[in-house]
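Presented below is the structure to which this report refers.
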There are 2 protein chains.
Amino acid sequence: MADIANAANVSVATVSHVINGTRPVKESTRLRVEAALDAAGYRRDRLARAMRRSTTETVGVVVSDPTQPVFGQMIQGVAKEARAAGYAMMLASSADDGQQELEAIKTFKEHRVDGIILAEVSHDLAGFDEMLRPDSIPLVLLDRLASRRLDQVGAETVGPMKRIVDHLIGNGYDDIAIVAGDLSVPTLQERFEGYRQALDAADIPLRSDRVVDDVRTEREVRAAMRPILQGNERPRALVTSSTNITAGVLGALHDLDMRTPRDVALVSFDELPYAEHFAPRITSVVQPAVQMGEHAMRLLLRRLRNPDAQARTIRLKPRFVHRQSCGCPAGAPSPFGD
Amino acid sequence: MADIANAANVSVATVSHVINGTRPVKESTRLRVEAALDAAGYRRDRLARAMRRSTTETVGVVVSDPTQPVFGQMIQGVAKEARAAGYAMMLASSADDGQQELEAIKTFKEHRVDGIILAEVSHDLAGFDEMLRPDSIPLVLLDRLASRRLDQVGAETVGPMKRIVDHLIGNGYDDIAIVAGDLSVPTLQERFEGYRQALDAADIPLRSDRVVDDVRTEREVRAAMRPILQGNERPRALVTSSTNITAGVLGALHDLDMRTPRDVALVSFDELPYAEHFAPRITSVVQPAVQMGEHAMRLLLRRLRNPDAQARTIRLKPRFVHRQSCGCPAGAPSPFGD
DNA sequence: ATGAAAGCGCTAACAT
DNA sequence: ATGTTAGCGCTTTCAT
């Protein structure tokens with residue numbers, strides 16, 4: 001920058017002001033400086049700027065597993081809005097491990113990111129409180145939400161889950177099991193809650209042998225489902241609470257040489273990629289993951305501009321995609337009324 | 001840091017050296033400094049350090065579409081190795097647009113990343129040469145490779161593609177079409193080359209009406225395939241060059257109410273996620289995307305440590321997953337000899 | 001309208 | 001073994 005100043009016969013201050021438009025500069029000198037800038041192929045140094053301004057225009061994003069399409073979509077959404085606002089994005093993967101998540105946050109802080117988006121907080125919140133202290137960095141939660149007042153964006157869960165169970169009940173199913181996954185995860189807990197409410201509203205008793213919980217991996221789901229699906233006592237319909245769970249159920253069906261909806265109906269919360277093209281064609285609730293990412297970034301920008309804004313929780317509506325696996329007639333009304 | 005120095009009755013230099021272990025410090029003072037560090041909850045400022053050291057310990061990664069599982073996997077691999085080496089990762093998405101890609105690179109440079117990984121360079125290389133000037137930043141290409149000498153890691157393409165076509169030929173197919181996509185993309189060109197070589201070796205003439213090229217999107221593939229698949233003149237087998245292409249073909253099959261392998265056999269280069277669980281069960285060549293990401297990061301680290309190292313090109317072997325869509329008997333020998 | 005200079009938080013060369 | 005200090009590249013206050 002000193003070189004530029006020299007070449008244009010001005011001070012570094014003027015060069016800086018030309019670059020940033022931070023104070024009026026006489027047309028002629030501005031042109032001279034711009035020419036020098038061009039000639040030298042000048043590129044600003046964001047580090048040095050950040051040192052002075054103490055804002056890096058960088059956000060940190062931590063996701064639990066970038067391999068899963070839904071996270072890819074969230075990342076995509078964040079990236080898009082970040083770019084639009086001139087922000088760079090740092091990414092870390094936590095492998096759904098609270099320890100790694102905290103470490104990622106610390107690293108981000110060392111790099112002085114302006115804010116952090118946690119796309120799927122580990123639900124084991126040890127050390128989490130510390131991150132939330134007001135003196136701490138702006139934070140937005142994505143997907144897995146906390147109960148306290150925070151900036152966060154997720155998808156509606158209870159209502160949609162209730163409605164797809166309603167949908168099954170309305171189409172004559174009365175023995176519906178839920179493959180709920182790990183109920184200590186808030187999101188999954190909420191989905192279970194929707195299931196419970198639907199049964200409740202229809203006066204169907206909740207049977208504990210129709211709730212498959214405490215299964216965390218696709219493999220565990222697959223193993224757990226086999227005994228449940230064999231024999232005549234099996235449920236007539238299944239709702240699954242996440243992509244991995246659905247995959248596990250499909251594995252079990254395969255193992256038993258069973259078909260959906262012929263042998264058991266199936267509705268999945270979350271969609272498997274390219275679901276359109278494959279059999280079974282699974283009726284699904286689809287989360288608007290890209291938009292969720294966009295909203296998260298916008299929420300963060302808002303907070304950066306106005307640190308004292310009220311914390312906001314955004315819940316986006318998922319889409320209902322009616323396919324064949326629920327075994328309902330094609331003309332059956334959408335449970336989402338759309 | 002000045003506060004720490006005060007509290008421990010030493011100079012900032014000593015504090016710095018305790019933190020970095022850059023010079024011997026008397027046990028007792030070290031302990032005193034460490035205590036002060038702890039008490040103050042000191043966190044180093046990587047920006048300031050980067051200013052001095054002129055290395056940020058940050059790498060920039062640009063992918064064309066984080067939404068696609070294969071990129072998620074590469075990102076995962078890079079993230080893992082980066083973390084292990086104490087590097088942070090910046091991510092940008094280029095939407096397969098050369099312009100955006102260049103902009104992402106520029107932004108990364110402004111942030112002074114130590115190196116850049118380009119996970120799928122846009123093949124329109126305008127302005128690309130500029131990025132490659134020796135005075136420029138260390139660069140590693142991922143997936144789409146360049147012909148010149150550069151650090152880059154990809155998967156083998158020609159050989160594996162040749163072998164899966166061999167596999168089809170060996171099992172009695174002699175009319176095999178390739179859905180090759182956009183042949184100006186080097187990777188896709190290579191896959192086509194493998195197809196060509198296989199036909200050549202078997203003395204099967206290459207027919208231009210058996211090469212579907214110049215299709216870029218899933219939708220275009222779907223539309224282009226319909227006329228080809230109708231009627232008795234249709235090919236007996238299809239090889240597809242990428243995930244999106246495979247998806248397009250599946251769409252066309254669906255439109256025509258056709259099945260694979262019953263109506264036409266299919267082998268896909270690249271695998272659709274959760275392919276295990278769905279019908280049709282597509283015989284596929286699977287790229288080790290996570291490892292590719294890991295290797296890319298390691299190559300970059302090597303270059304950073306030794307700027308004068310010879311450029312290295314790494315080609316990883318894909319896996320062959322034999323399923324039903326190729327219509328070959330289950331016991332047919334693996335074309336990859338494994 | 002422009003310039004001089006301090007300083008952001010560190011590291012490292014040079015002293016002692 | 002430890003301390004002093006210049007300076008990384010910029011922004012911005014205070015002068016002129």
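Labels below follow one simple rule: chain letters A, B, ... track the order of the sequence lines, proteins then strands, and each chain is numbered from 1. Small disclaimer: the values here were computed from a predicted structure and weren't measured.
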**OP:** Nearest whole angstrom, please: distance from the C1' of C:dC10 to the NE2 of A:His111.
**Re:** 15 Å

Original post:
5' to 3' on DNA chain D, which nucleotides open and close the contacts with chain A (atom under 4.0 Å from a heavy atom)?
Top reply: D:dG9 to D:dC14

**OP:** Say whether, by atom type as modelled, one donor and one acceptor occur between the side chain of B:Arg149 and the main chain of B:Ala311 under 3.5 angstrom.
**Re:** yes

**OP:** List in chain and number order the residues that pass salt bridge (charged side-chain N to carboxylate O under 4.0 Å, His left out) with A:Asp45, two or more places apart in sequence or in another chain; answer none if no residue qualifies.
**Re:** B:Arg112

**OP:** Go through residues 32-45 of chain A and report each residue with a non-hydrogen atom lying under 4.0 Å from DNA chain C, sorted by number.
**Re:** none

Original post:
Who are the salt bridge (charged side-chain N to carboxylate O under 4.0 Å, His left out) partners of A:Asp65, not counting sequence neighbours?
Top reply: none

Original post:
Of all residues at least two apart in sequence or in a different chain, which pass the side-chain contact (heavy atoms from CB on, under 4.5 Å) check with A:Arg305?
Top reply: A:Leu301

**OP:** Using a 4.0 Å heavy-atom cut-off across all strands, classify B:Arg30 as base, sugar-phosphate, or nothing.
**Re:** nothing

Original post:
How is A:Val10 classified with respect to the nucleic acid when contacts are heavy atoms under 4.0 Å: base, sugar-phosphate, or nothing?
Top reply: sugar-phosphate

Subject >> Residues forming a salt bridge (charged side-chain N to carboxylate O under 4.0 Å, His left out) with B:Arg315, sequence neighbours excluded >> reply: B:Glu190

N/O contacts under 3.5 Å, protein versus nucleotides 13-16 of chain C?
none

**OP:** State which residues pass side chain to side chain donor-acceptor pair (under 3.5 Å) with A:Asn244; sequence neighbours excluded, sorted by chain then number.
**Re:** B:Tyr274

Original post:
Does A:Ser16 reach the main-chain N or O of A:Thr14 with its side chain, forming a donor-acceptor pair under 3.5 Å?
Top reply: no

Show every donor-acceptor pair shorter than 3.5 Å between a side-chain atom in residues 78-86 of chain B and any protein atom, with sequence neighbours excluded, or say none if there are none.
residue: B:Lys80; atom: NZ; partner: B:Glu294; partner atom: OE2; Å: 3.2
residue: B:Glu81; atom: OE1; partner: B:Arg298; partner atom: NE; Å: 3.3
residue: B:Arg83; atom: NH1; partner: A:Glu103; partner atom: OE1; Å: 3.3

Subject >> Check: C:dG9 base within 3.5 Å donor-acceptor of B:Arg49 side chain >> reply: no

Original post:
So, are A:Asp151 and A:Arg312 salt-bridged, with charged N and O less than 4.0 Å apart?
Top reply: no

**OP:** Would you classify A:Asp3 as touching base, sugar-phosphate or nothing, given that sugar-phosphate means primed atoms plus P, OP1 and OP2, and contacts are heavy atoms under 4.0 Å?
**Re:** nothing

Subject >> A:Asn306: side-chain contact (heavy atoms from CB on, under 4.5 Å) partners, not counting sequence neighbours >> reply: A:Asp308, A:Ala309

Subject >> Toward the 5' end of DNA chain D, by each residue's nearest nucleotide, A:Arg52 or B:Val25 >> reply: B:Val25

Subject >> Pair B:Thr67, A:Gln73: side-chain N/O donor-acceptor within cut-off below 3.5 Å >> reply: no

Original post:
C:dG9 P sits how many Å from A:Glu110 CD, rounded?
Top reply: 15 Å

Original post:
Okay, side chain of A:Gln152, backbone of A:Ala146: is any donor-acceptor separation there less than 3.5 Å?
Top reply: yes

**OP:** Round to a whole Å and report the spacing from CD1 of B:Ile19 to P of C:dT11.
**Re:** 6 Å

Original post:
Would you say A:Ser11 reaches C:dA4's phosphate, i.e. side-chain N/O to OP1/OP2 under 4.0 Å?
Top reply: no

Subject >> Nearest-nucleotide pick for A:Arg112, side chain only, options being C:dT11, C:dA5, C:dG9 >> reply: C:dG9

Original post:
Between the two end axes of the helix from C:dA1-D:dT16 to C:dT16-D:dA1, each built from 5 base pairs, what angle do you get to the nearest 10°?
Top reply: 40°

**OP:** Give one of base, sugar-phosphate or nothing for A:Ser54, where a contact means two heavy atoms less than 4.0 Å apart.
**Re:** nothing

Original post:
Can you name the salt bridge (charged side-chain N to carboxylate O under 4.0 Å, His left out) partners of A:Arg23, sequence neighbours left out?
Top reply: none

Subject >> Rounded distance in Å - CZ (B:Arg53) to P (C:dG9) >> reply: 18 Å

Subject >> Between OG1 on residue B:Thr187 and CZ on residue B:Arg144, distance to nearest 0.5 Å >> reply: 5.5 Å

